Structure formats: structure tokens, C-alpha cells
*Asks:* 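Pasting a structure below so you can have a look.
If you're wondering where the values come from, they're calculated on a predicted model, not measured in any experiment. In what follows, chains carry the letters A, B, and so on, assigned in the order in which the sequence lines appear, proteins first and then strands, with residues in each chain numbered from 1.
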There are 2 protein chains.
Amino acid sequence: MSMERQDLRKAGLKVTLPRLKVLEILEVTEQRHLSAEDVYKALLESGEEIGLATVYRVLTQFEGAGLVSRLSIDGGHAVFELENGEHHDHLLCVSCGEIQEFVDEVIEERQHAIAKEKGFQMTEHSLYIYGICKRCQEERKY
Amino acid sequence: MSMERQDLRKAGLKVTLPRLKVLEILEVTEQRHLSAEDVYKALLESGEEIGLATVYRVLTQFEGAGLVSRLSIDGGHAVFELENGEHHDHLLCVSCGEIQEFVDEVIEERQHAIAKEKGFQMTEHSLYIYGICKRCQEERKY
DNA sequence: GTGTAAATGAGGACAGTTTTCATTTATATT
DNA sequence: AATATAAATGAAAACTGTCCTCATTTACAC
Ligand SMILES: [Mn+2]
Ligand SMILES: [Mn+2]
Ligand SMILES: [Zn+2]
Ligand SMILES: [Zn+2]
């Protein structure tokens with residue numbers, strides 16, 4: 001029944017408790033973008049004794065299987081999110097860490113044009129816009 | 001006379017041999033984009049016994065002073081380049097590591113528009129296009 | 001149920017970078 | 001030019017996020 005089992009089987013991964021639980025955390029946690037540490041802590045809080053190394057392994061396997069995607073944020077740790085099939089880029093609040101998503105066809109297109117212009121066979125790109133989110137701007141007023 | 005001394009003084013940094021030498025490496029090395037390790041090795045090769053920690057410190061200070069800028073490349077180490085006053089983004093060859101630069105006003109503008117749309121006060125952005133450079137594509141044919 | 005390949009946990013390893021602290025140095029002052 | 005002092009340096013240790021090793025456990029095909 002629970003959809004996760006199918007996801008794992010389809011990905012050619014054995015159905016194990018750590019995998020099910022990691023997947024569940026990714027699904028039920030309010031923030032869509034979680035670091036390995038975030039996932040690990042959420043697991044502990046929900047009473048699961050799963051090692052951090054396993055969390056990293058599982059997330060990396062999920063990435064390979066196309067179940068999650070990894071963002072490599074500026075200098076340091078990565079965050080993971082459930083793959084939703086639609087490419088998008090990110091806006092990050094440098095003050096509170098909030099992450100918002102966006103899609104911009106103009107930018108996507110220009111990137112391809114630039115790669116072509118330079119003779120590159122483009123494989124992927126990474127684009128992050130940093131700034132101060134609306135909420136943090138308002139808080140600063142006081 | 002040597003321009004570097006002025007640069008350092010202007011930046012409010014004492015004129016020291018390590019700083020002069022790091023600056024010189026950045027100026028004379030063929031590749032414009034160098035990791036701290038690259039700079040360190042180049043220093044050793046040119047007969048300067050400067051510690052890696054100092055290289056990191058100096059590069060970070062130069063960054064703070066606006067003399068160099070730092071690129072945080074996907075997963076791991078940073079590279080540094082002399083600041084030339086003109087913002088640009090980068091294309092990276094995933095095969096040979098070559099880095100090319102580009103400027104695209106359309107993308108720059110769209111980024112601002114997106115930030116505005118989401119209520120963000122944009123501070124900066126990071127954009128990397130990954131792919132296989134022309135030369136690497138040709139090599140693969142054989 | 002059994003066998004076997006795969007997955008896990010614990011802890012160590014690792015890479016890139018930063019910090020600590022004793023020593024040296026640049027520069028302002030005499 | 002000698003001196004004082006704040007700043008810079010080198011060496012080594014610490015740190016952080018992530019990955020690896022290897023002994024043990026588990027999933028699942030038979
Ligand atoms: Mn996202
Ligand atoms: Mn550049
Ligand atoms: Zn915010
Ligand atoms: Zn190449």
C-alpha cells in the first residue's frame with residue numbers, strides 16, 4: 001500500500017526500514033529542503049535509530065535513483081529535496097535560510113545559448129539567488 | 001613602484017612578503033582561476049616557503065578587501081581570481097576543469113526581476129553552467 | 001527455512017579550510 | 001637608527017561535512 005515501497009522497488013532498491021523512514025521524513029517534513037543532518041535529527045525525534053552515515057548513503061542512492069535532488073549550497077553542506085520532475089532554481093535568504101523556488105524559461109534558454117556560443121555541451125547548471133526575504137526585511141525595520 | 005604595494009596599502013593591509021607573493025602568483029599565473037592549493041604550490045615552485053594556512057588567510061583577506069573574488073565550486077574547494085571590477089559568471093568543463101567566463105545581461109536582469117517578484121532584496125547570485133568544453137568533446141571522438 | 005548478496009551501524013578516515021598560539025615582522029614613534 | 005607594539009606568520013591541531021571500512025544484520029529469491 002504505502003507508496004514508498006513501490007518507489008523503492010521501482011528504483012531497484014531493497015525495501016528497508018532506513019530507506020522507508022528517510023523517504024517518509026522527506027515527504028512529511030514541512031520544509032521541502034533538508035540537509036542530511038536535518039533528516040538525521042528528524043529521524044531521531046521520531047524515535048528511529050538510524051546512523052548518520054546511513055542517512056548520507058540513502059540520500060545519495062535516492063539521488064542516483066532520481067527520487068531526490070541535491071542542492072550544493074555555497075560553501076559547505078548540501079540539502080536534499082524530493083524530486084518533483086520539474087527543474088527549478090532557488091532563492092535563498094541569507095538571513096533566515098529560507099529557500100524559495102522559481103522557474104524562469106528566459107534564463108534557461110540563455111544558458112543554453114551561452115553554452116552553445118562557447119562550444120560547451122551543457123550538462124547542467126546551478127543558479128542561486130541570494131538575498132533577504134520579505135519577512136526578514138520587515139523584521140529589520142524594528 | 002611595484003603596483004602590488006599600493007594595492008595592499010589601499011586595502012589597509014600591511015605590506016608583507018606573503019601578501020606580495022600571493023598577489024604576484026595571481027597576476028602572473030596563466031590560469032586566472034586558482035585554488036588555495038594551486039597558489040600554495042606555485043609559491044613553493046617559485047621558491048617561497050609560505051604556509052598553506054597563510055595562503056588561505058591572505059586570500060580571504062584579499063577577498064574582504066575586494067582584491068580577489070572567490071568562486072565556491074560545486075562540492076568542495078573554492079577557487080580565487082583577481083577582481084577585475086566586472087561581474088561575470090562561469091562555465092565549467094566537468095571533464096578537464098577548464099573555466100570560462102561570460103556575462104549575460106538578460107540573465108542578470110531576469111534575476112533581479114525574479115527577486116523582486118518574490119519580495120527578496122537580492123544581494124548576490126551564483127551561476128555556474130557545467131558541461132564538456134570544445135576540446136574535451138573533440139578528444140572523445142577518438 | 002536457507003543462502004547470499006546487499007544494507008546497516010559505528011567509528012575512523014578524509015579534504016578543504018580555519019583556528020590556536022608561540023614567534024616573527026612591519027611600521028609608527030622616539 | 002633603536003624601540004615599542006599591533007599585526008602577521010608558521011606549524012600543528014581542530015573542525016565540518018561527507019564518505020569509507022568492516023564486522024554484523026537483513027531482505028528477498030529459492
Ligand atoms: Mn527546490
Ligand atoms: Mn572568473
Ligand atoms: Zn529570511
Ligand atoms: Zn574540458
*Asks:* Quick one: the side chain of A:Arg57 and the base of D:dT21, do they pair up donor-acceptor inside 3.5 Å?
*Replies:* yes
*Asks:* Over how many whole Å does the gap from A:Leu52 atom CG to C:dC14 atom P extend?
*Replies:* 18 Å
*Asks:* Mind checking who shares a hydrophobic cluster with A:Leu91, ILVMFWY linked at side-chain heavy-atom distances under 4.5 Å?
*Replies:*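 Members besides A:Leu91, by chain and number: A:Phe102, A:Ile107, A:Ile114, A:Phe120, A:Met122, A:Leu127, A:Ile129, B:Leu91, B:Phe102, B:Ile107, B:Ile114, B:Phe120, B:Met122, B:Leu127, B:Ile129.
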*Asks:* Whole angstroms only, please: what is the NZ-P distance between B:Lys21 and D:dT9?
*Replies:*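 For the pair B:Lys21 NZ and D:dT9 P, the rounded distance is 14 Å.
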*Asks:* Measuring to OP1 and OP2 of C:dT8, would you say a side-chain N or O of A:Thr16 lies under 4.0 angstrom away?
*Replies:* yes
*Asks:* Mind checking if A:Arg19 touches a base, just sugar-phosphate, or nothing, with heavy atoms under 4.0 Å?
*Replies:*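 Sugar-phosphate contact only.
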*Asks:* Measure the distance from CG on A:Leu8 to C1' on D:dC28 and round it to the nearest whole Å.
*Replies:*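 My rounded result for the distance is 14 Å.
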*Asks:* I want to verify a distance call: between C:dT18, D:dC19, C:dT8, whose nearest atom is closest to the A:Tyr56 side chain?
*Replies:*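 Nearest to the side-chain atoms of A:Tyr56, counting from C-beta on, is D:dC19.
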*Asks:* Between B:His112 (side chain) and B:Glu108 (backbone), is there a donor-acceptor pair under 3.5 Å?
*Replies:* yes
*Asks:* Touch check for A:Glu37, heavy atoms < 4.0 angstrom, all strands: base, sugar-phosphate only, or nothing?
*Replies:* nothing
*Asks:* Are the charged groups of A:Arg135 and A:Glu138 less than 4.0 angstrom apart, N to O?
*Replies:* no
*Asks:* So, for B:Tyr40 and B:Gly51, which heavy atoms are closest and what is the spacing to 0.1 Å?
*Replies:* CE1-C, 3.9 Å
*Asks:* In whole Å, what is the span from the CZ atom of B:Arg70 to the C1' atom of C:dT18?
*Replies:* 11 Å
*Asks:* Nearest whole angstrom, please: distance from the P of C:dT8 to the OH of A:Tyr40.
*Replies:*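 It works out to 15 Å between those atoms.
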*Asks:* Take the angle between the ring planes of B:His88 and B:His90 and call it parallel below 30°, perpendicular above 60°, tilted in between.
*Replies:* perpendicular
*Asks:* To the nearest Å, give me how far apart CD (A:Glu49) and C1' (C:dA10) are.
*Replies:* 12 Å
*Asks:* Between A:Lys14 and B:Leu17, which residue's closest nucleotide on DNA chain D lies nearer the 5′ terminus?
*Replies:* B:Leu17
*Asks:* Rounded to whole angstroms, how far apart are CG on A:Leu59 and C1' on C:dA7?
*Replies:* 15 Å
*Asks:* Determine the contact category for B:Ile50: base if any of its heavy atoms lies under 4.0 Å from a base atom, sugar-phosphate if only primed atoms, P, OP1 or OP2 are that close, otherwise nothing.
*Replies:*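 Sugar-phosphate contact only.
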*Asks:* Could you tell me how far apart B:Phe62 (CZ) and D:dA8 (P) are, to the nearest whole angstrom?
*Replies:*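 Whole-Å distance recorded here is 11 Å.
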*Asks:* Nearest-nucleotide wise, let me know which of A:Gln61 and A:Ala53 is further upstream toward the 5' end of DNA chain C.
*Replies:* A:Gln61
